[in-house]
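Working notes for the structure below.
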Amino acid sequence: MSIDRKISPVDTSSQKPKNIYFWLDILGFSNGLNDENRYEDLYNKLLEFRNHISSNCSDLPVTTQIISDGMVVRLEDNSIESFITLIKVIKQLLLKMMEINIFVRGSIALGTCISVGTENNEDKLLGNGLAKAVKIEGNDVCWPVVGTTENEYECILKYYDRNVNLDNLKTYFIKCKNDNKAEIYVINVFDRIPEKSKVGIFKSIADKYTKFKAFKEIEKGVEENENFNHRVFSKYQWLVMLFRASNPEFYKRQIETRGDLL
């Protein structure tokens with residue numbers, strides 16, 4: 001029997017639908033999940049997340065699901081306009097949470113979504129999209145922001161690059177390095193903030209930073225002090241620096257009155 005070597009196996013993965021996945025994790029709860037009251041508080045915060053996204057994305061094919069101490073947001077739409085709208089909604093959510101001193105770390109990934117012949121949305125979480133998002137959040141996004149790896153960012157741009165202008169989409173991201181010196185792209189949450197919201201948002205992140213900064217300066221032998229978490233300190237230090245880069249004039253006015261920042 002002869003074999004036609006021009007025939008190759010069908011790549012079924014390319015035929016599976018691709019979705020955008022966000023994985024959002026509320027920071028500060030991991031050490032308190034054995035406390036039933038704290039866990040209930042976490043769940044209520046995640047419900048707020050879900051309600052905010054659902055009410056602001058009612059016209060988009062967006063589904064959300066709470067899993068453990070985080071939430072998945074999935075966009076079933078290959079329209080770049082829908083993706084930008086979802087970014088705006090999530091950015092609003094992050095700013096709203098910051099104003100009440102709640103910080104979020106999250107990730108974005110493009111991946112497959114496998115339907116198993118049921119209308120249950122939970123089943124559609126099967127695929128590599130969610131797995132990639134969780135991995136990126138755990139390994140690459142080290143700051144209290146929502147972002148993705150350089151490679152995943154390029155994959156997302158390529159996915160939307162169908163004779164459309166990507167310049168608008170790119171303006172919502174800023175390129176930076178994580179604590180492993182790898183390049184990542186994060187949603188610039190502090191860009192284009194309404195002026196009336198800046199004071200509350202800045203106070204929240206600045207208070208977090210100065211709290212750790214004061215502890216670092218007061219404690220002797222801080223390098224050996226187990227109570228001082230350098231990783232946590234660097235997260236909020238980085239967040240203040242991002243705010244400064246995005247709002248230099250406002251930041252300048254603030255340090256003239258506070259005197260306790262960088």
Looking at every heavy atom in both [X] and [Y], which two are closest together, and how far apart are they?
{"X": "Glu99", "Y": "Ile201", "answer": "CG-CG1, 3.4 Å"}
{"X": "Asp77", "Y": "Ser82", "answer": "OD2-OG, 2.7 Å"}
{"X": "Ala133", "Y": "Ala109", "answer": "N-CB, 3.6 Å"}
{"X": "Ala245", "Y": "Pro248", "answer": "O-CD, 3.9 Å"}
{"X": "Leu46", "Y": "Met71", "answer": "O-SD, 4.0 Å"}
{"X": "Val189", "Y": "Lys91", "answer": "O-CE, 3.2 Å"}

Could you check if a side-chain atom of [X] sits within less than 4.5 angstrom of a side-chain atom of [Y], using non-hydrogen atoms only?
{"X": "Ile184", "Y": "Glu150", "answer": "no"}
{"X": "Thr85", "Y": "Leu60", "answer": "yes"}
{"X": "Arg50", "Y": "Val73", "answer": "no"}
{"X": "Val240", "Y": "Tyr251", "answer": "yes"}
{"X": "Lys18", "Y": "Tyr159", "answer": "yes"}
{"X": "Val104", "Y": "Pro144", "answer": "no"}
{"X": "Ile108", "Y": "Ile156", "answer": "yes"}
{"X": "Leu239", "Y": "Phe103", "answer": "yes"}

Are Arg74 and Glu76 close enough for a salt bridge, meaning some N to O gap below 4.0 Å?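 Salt bridge between Arg74 and Glu76, a charged N being under 4.0 Å from a carboxylate O: yes.
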Between Arg253 and Glu195, is there a side-chain N and carboxylate O pair less than 4.0 Å apart?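 Result for this pair is yes, salt bridge flagged.
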What's the verdict on side-chain contact (heavy atoms from CB on, under 4.5 Å) for Leu24 and Val146, showing C-alpha distance, side-chain angles and the deciding distance? CA-CA 8 Å; Leu24 305 174; Val146 175; 3.8 Å; yes
Just wondering, are more than 12 heavy atoms of other shown residues or ligands nearer than 6.0 Å to [atom1] in [X]?
{"X": "Lys45", "atom1": "NZ", "answer": "yes"}
{"X": "Asn180", "atom1": "CG", "answer": "yes"}
{"X": "Lys203", "atom1": "NZ", "answer": "no"}

Does the pair Asp140 and Thr149 meet the rule for a side-chain hydrogen bond (donor to acceptor under 3.5 Å, both in side chains), with working shown? CA-CA 7 Å; Asp140 300 286; Thr149 62; 5.7 Å; no
Quick check for you: to the nearest 0.5 Å, what is the distance between [X] atom [atom1] and [Y] atom [atom2]?
{"X": "Leu94", "Y": "Lys96", "atom1": "CG", "atom2": "NZ", "result": "12.0 Å"}
{"X": "Ile136", "Y": "Asn178", "atom1": "CD1", "atom2": "CG", "result": "11.5 Å"}
{"X": "Leu169", "Y": "Ile87", "atom1": "CG", "atom2": "CD1", "result": "5.0 Å"}
{"X": "Asn247", "Y": "Gln254", "atom1": "CG", "atom2": "CD", "result": "10.5 Å"}
{"X": "Thr171", "Y": "Asn168", "atom1": "OG1", "atom2": "CG", "result": "4.5 Å"}
{"X": "Thr63", "Y": "Leu75", "atom1": "OG1", "atom2": "CG", "result": "9.0 Å"}

Is it possible for you to check whether Arg244 lies under 6.0 Å from the centre of the six-membered ring of Phe190, through NZ or CZ, and within 45° of that ring's axis?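 No, Arg244 does not lie over the aromatic ring of Phe190.
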Ring pair (Phe, Tyr, Trp, His ring centres under 6.0 Å) involving Tyr153 - partner list, sequence neighbours excluded: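 Ring pair (Phe, Tyr, Trp, His ring centres under 6.0 Å) list for Tyr153, sorted by chain: Phe173, Tyr185.
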Test ring pair (Phe, Tyr, Trp, His ring centres under 6.0 Å) applied to Phe49 - qualifying residues, sequence neighbours left out: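 Partners of Phe49 by the ring pair (Phe, Tyr, Trp, His ring centres under 6.0 Å) criterion come out as none, since no residue qualifies.
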Under the criterion side-chain hydrogen bond (donor to acceptor under 3.5 Å, both in side chains), I'd like the reasoning laid out for Thr112 against Asn128: C-alpha separation, chi angles, the key distance, then a yes or no. CA-CA 6 Å; Thr112 58; Asn128 72 344; 2.9 Å; yes
Does Lys235 form a side-chain contact (heavy atoms from CB on, under 4.5 Å) with Trp238? I'd like the steps, not just the answer. CA-CA 5 Å; Lys235 286 177 174 62; Trp238 186 89; 6.0 Å; no
Using 30° and 60° as the class boundaries, would you call the ring planes of Phe83 and Phe22 parallel, tilted or perpendicular?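 Plane angle between 30° and 60°, so tilted.
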Apply the test side-chain hydrogen bond (donor to acceptor under 3.5 Å, both in side chains) to residues Lys208 and Asn101: give CA-CA distance (whole Å), side-chain angles for both, the deciding distance (0.1 Å), then the verdict. CA-CA 8 Å; Lys208 276 279 189 179; Asn101 207 32; 4.7 Å; no
Please step through side-chain hydrogen bond (donor to acceptor under 3.5 Å, both in side chains) for the pair Ser234 and Asp179, ending with a clear verdict. CA-CA 9 Å; Ser234 66; Asp179 55 5; 5.8 Å; no
